[in-house]
Amino acid sequence: MVDSLRAAVVGTGLIGGSILLRLRERGVDVAGWDPDAATRAEGRARGVDFPDALADAVRDRDLVFLCGPLSSLPETLRTVSGLTGPDCVLTDVGSTKGGIAAYAAAHGLTGRFVPGHPMAGTERAGLTAASPALFDGAAWVLCPTAAGLDRFRTLAALLVGVFGARIVPLDPDAHDAAAALASHLPHLLAGVLAATVVEADLRDAALGLAAGSFRDGTRVVGTPAARTVDMLLNNRDQVLAQIDRVTGLLDRYAAALRGGDAAALAGLQQRARGLRLALLDRELPAAAPRVFPRALPHDLPHDAEPADEARGAAADGELAYLLSLGAAGGYLTGCAVTEATVTYTAHLPAAPG
């Protein structure tokens, strides 16, 4: 599939640039496009096809990655869908999924657009910071729909085979709730920690003492502010809900400190330590492969044959399996498709104890 694949990457900052470089490294016919002329020039200097016109970059492509700023993605999806054929698979890399998934559904694009979010990055930005190895072993969220299962399968197989990613299938709203905890809230809290030191009288003395805990705790503040703000605003409700939780926990810590309650403080810290250790020791053994018939799209005609209806029901079962896998903390490491079947290789968290 890679030998004949023609791909394009629209928006070539850190994430898009890393996708572009990995595809080229693996021998894929890939073109890049970026609204910034200097970035296009940098891409050409690296030996990548970078047309000046977006239409030239995406024309006759089998797969297009949409990698621009988060707030620009719905309009980019609309534009690129109009410039590409109906068989072209479209996906994005935005850090929120509910909005773009709803936009795709409202514009009849669910059958060819698979919302995505690779959980990888650095505090740096731009094509010059891109690395083809950025996604090795990374979790890469994909949001499948019954109407777009064939597109999901194609994309999942590519991301495993070319990028070495772990595919996490999730409902868009479930993704946004989980990402608020795993990514968006940490960015916000890192900003709070750094801003607290900025405003402190002993700012320079604190920086002189800063070691691993402060450096690790503020690392993501190096992300360009506009990118972080875009992410927070696009997931506002979920992030605000988690801020309320943080506020409640800070109040409990403060109350224990004021009262000199060592037991309460130790209990809070020990519970948090347990989560950290669970993260470091997390084991996800391989589950038994799951095989499904290669089902028809979900929207069957009213005069569908009984066999077609059965395959439509199988599509619902396949979708339920995928979404439950991601919600349980699992991921896919394989997706093998034949004319008649699709086989998933998955890993699930080990049972406690």
- [ ] Can you see which heavy atom on Thr12 is nearest to which on Gly32, and at what distance?
- [x] CG2-CA, 4.5 Å

Task: Results of ring pair (Phe, Tyr, Trp, His ring centres under 6.0 Å) for His187 - residues two or more places apart only - done: none

- [ ] List, by chain and then residue number, the residues other than Val229 in its hydrophobic cluster (Ile/Leu/Val/Met/Phe/Trp/Tyr, side-chain heavy atoms under 4.5 Å); write none if there are no others.
- [x] Leu233

TODO: Hey, could you give me each pair passing side chain to side chain donor-acceptor pair (under 3.5 Å) that has a residue in residues 47-67? Not counting sequence neighbours.
DONE: Asp29-Arg61, Arg40-Asp52, Arg44-Asp52, Asp56-Arg59

Open item on the list: Using the side chain to side chain contact (heavy atoms under 4.5 Å, CB included) definition, which of the options Val93, Leu14, Leu134, Val162 pairs with Ile19?
Closed with: Val93

Open item on the list: Can you pull out every side chain to side chain donor-acceptor pair (under 3.5 Å) where at least one residue sits in residues 238-267? Sequence neighbours excluded, please.
Closed with: Tyr253-Gln269

TODO: Enumerate the residue pairs fulfilling side chain to side chain donor-acceptor pair (under 3.5 Å) with a member in residues 94-110, sequence neighbours excluded, ordered by first and then second residue.
DONE: Asp92-Lys97

- [ ] Inspect the surroundings of CG in Leu277 and state if more than 12 heavy atoms from other residues, nucleotides or ligands are less than 6.0 Å away.
- [x] yes

Open item on the list: Quick check: is Leu249 connected to Leu265 through a chain of hydrophobic side chains (ILVMFWY, heavy atoms under 4.5 Å apart)?
Closed with: yes

Open item on the list: Would you say Phe152 ends up clustered with Leu5 if hydrophobic residues are merged whenever their side chains have heavy atoms under 4.5 Å apart, either directly or through other cluster members?
Closed with: yes

Task: Student check: side-chain heavy atoms of Phe65 and Ile15 closer than 4.5 Å - done: no

Task: Pairs meeting criterion side chain to side chain donor-acceptor pair (under 3.5 Å) with involvement of residues 165-177, two or more places apart - done: His117-His175

TODO: Treating Ile, Leu, Val, Met, Phe, Trp and Tyr as nodes and any side-chain heavy-atom pair under 4.5 angstrom as an edge, say whether Ile243 and Val192 lie in one connected cluster.
DONE: yes

Open item on the list: Enumerate the ring-ring contact (aromatic ring centres under 6.0 Å, His included) contacts for residues 12-60, please, sequence neighbours excluded, ordered by first and then second residue.
Closed with: none

Task: Between OH on residue Tyr331 and CG on residue Leu325, distance to nearest 0.5 Å - done: 10.0 Å

Open item on the list: My understanding is that only one of Leu332, Val114, Leu322, Leu170 makes a side chain to side chain contact (heavy atoms under 4.5 Å, CB included) with Leu142; could you say which?
Closed with: Val114

- [ ] Considering non-hydrogen atoms only, spot the tightest contact between Arg282 and Pro349 and give its length.
- [x] NH2-CG, 3.7 Å

TODO: For residues Pro186 and Ala180, report the shortest heavy-atom separation together with the two atoms involved.
DONE: CD-O, 4.1 Å

Open item on the list: Taking ring pair (Phe, Tyr, Trp, His ring centres under 6.0 Å) as the definition, give me every residue that meets it alongside Phe135, ordered by chain and number, with sequence neighbours left out.
Closed with: Trp140, Phe163

Open item on the list: Using the rule that Ile, Leu, Val, Met, Phe, Trp and Tyr join whenever any side-chain heavy atoms are under 4.5 Å apart, tell me whether Leu268 and Leu257 fall into a single cluster.
Closed with: yes

Task: Heavy-atom side-chain contact between Val168 and Met119 under 4.5 Å - done: no

TODO: Taking the side chain as every heavy atom from C-beta outward, state whether Leu193 and Phe214 have any pair of such atoms under 4.5 Å apart.
DONE: yes

Open item on the list: With a 4.5 Å cut-off on side-chain heavy atoms, are Arg276 and Leu279 touching?
Closed with: yes

- [ ] Could you tell me which non-hydrogen atom of Cys88 sits nearest to which non-hydrogen atom of Val64, and how far apart they are?
- [x] SG-CG2, 3.7 Å

Open item on the list: Can you give me the closest heavy-atom contact between Asn234 and Ser71, atom names plus distance?
Closed with: ND2-OG, 3.2 Å

Task: Main-chain N/O of Thr338 paired with Thr341 side-chain donor or acceptor, under 3.5 Å - done: no

Review item, side-chain donor-acceptor pairs of residues 73-81, under 3.5 Å, at least two apart:
| residue | atom | partner | partner atom | Å |
| --- | --- | --- | --- | --- |
| Glu75 | OE1 | Arg78 | NE | 3.2 |
| Glu75 | OE2 | Arg78 | NE | 3.1 |
| Glu75 | OE2 | Arg78 | NH2 | 2.4 |
| Thr76 | OG1 | Ser72 | O | 2.9 |
| Thr79 | OG1 | Glu75 | O | 3.0 |
| Ser81 | OG | Leu77 | O | 3.1 |
| Ser81 | OG | Arg78 | O | 2.8 |

Task: Sequence-distant partners of Arg26, salt bridge (Lys or Arg N to Asp or Glu O under 4.0 Å), two or more places apart - done: none

Open item on the list: Could you tell me if the side chain of Asp136 sits less than 4.5 Å from the side chain of Arg22, heavy atoms only?
Closed with: yes

Task: Ser18 side chain to Ser131 backbone, donor-acceptor under 3.5 Å - done: yes

- [ ] Of all the heavy-atom pairs spanning Ala57 and Ala8, show the shortest one and how long it is.
- [x] O-CB, 3.5 Å

TODO: Check salt bridge (Lys or Arg N to Asp or Glu O under 4.0 Å) between Arg273 and all other residues, then give those that pass, not counting sequence neighbours.
DONE: none

Task: Pairs where residues 110-120 contributes a residue and the test salt bridge (Lys or Arg N to Asp or Glu O under 4.0 Å) is met, not counting sequence neighbours - done: none

Open item on the list: Under 4.5 Å between side-chain heavy atoms, counting indirect links through other Ile/Leu/Val/Met/Phe/Trp/Tyr residues: same cluster for Leu63 and Val337 or not?
Closed with: yes

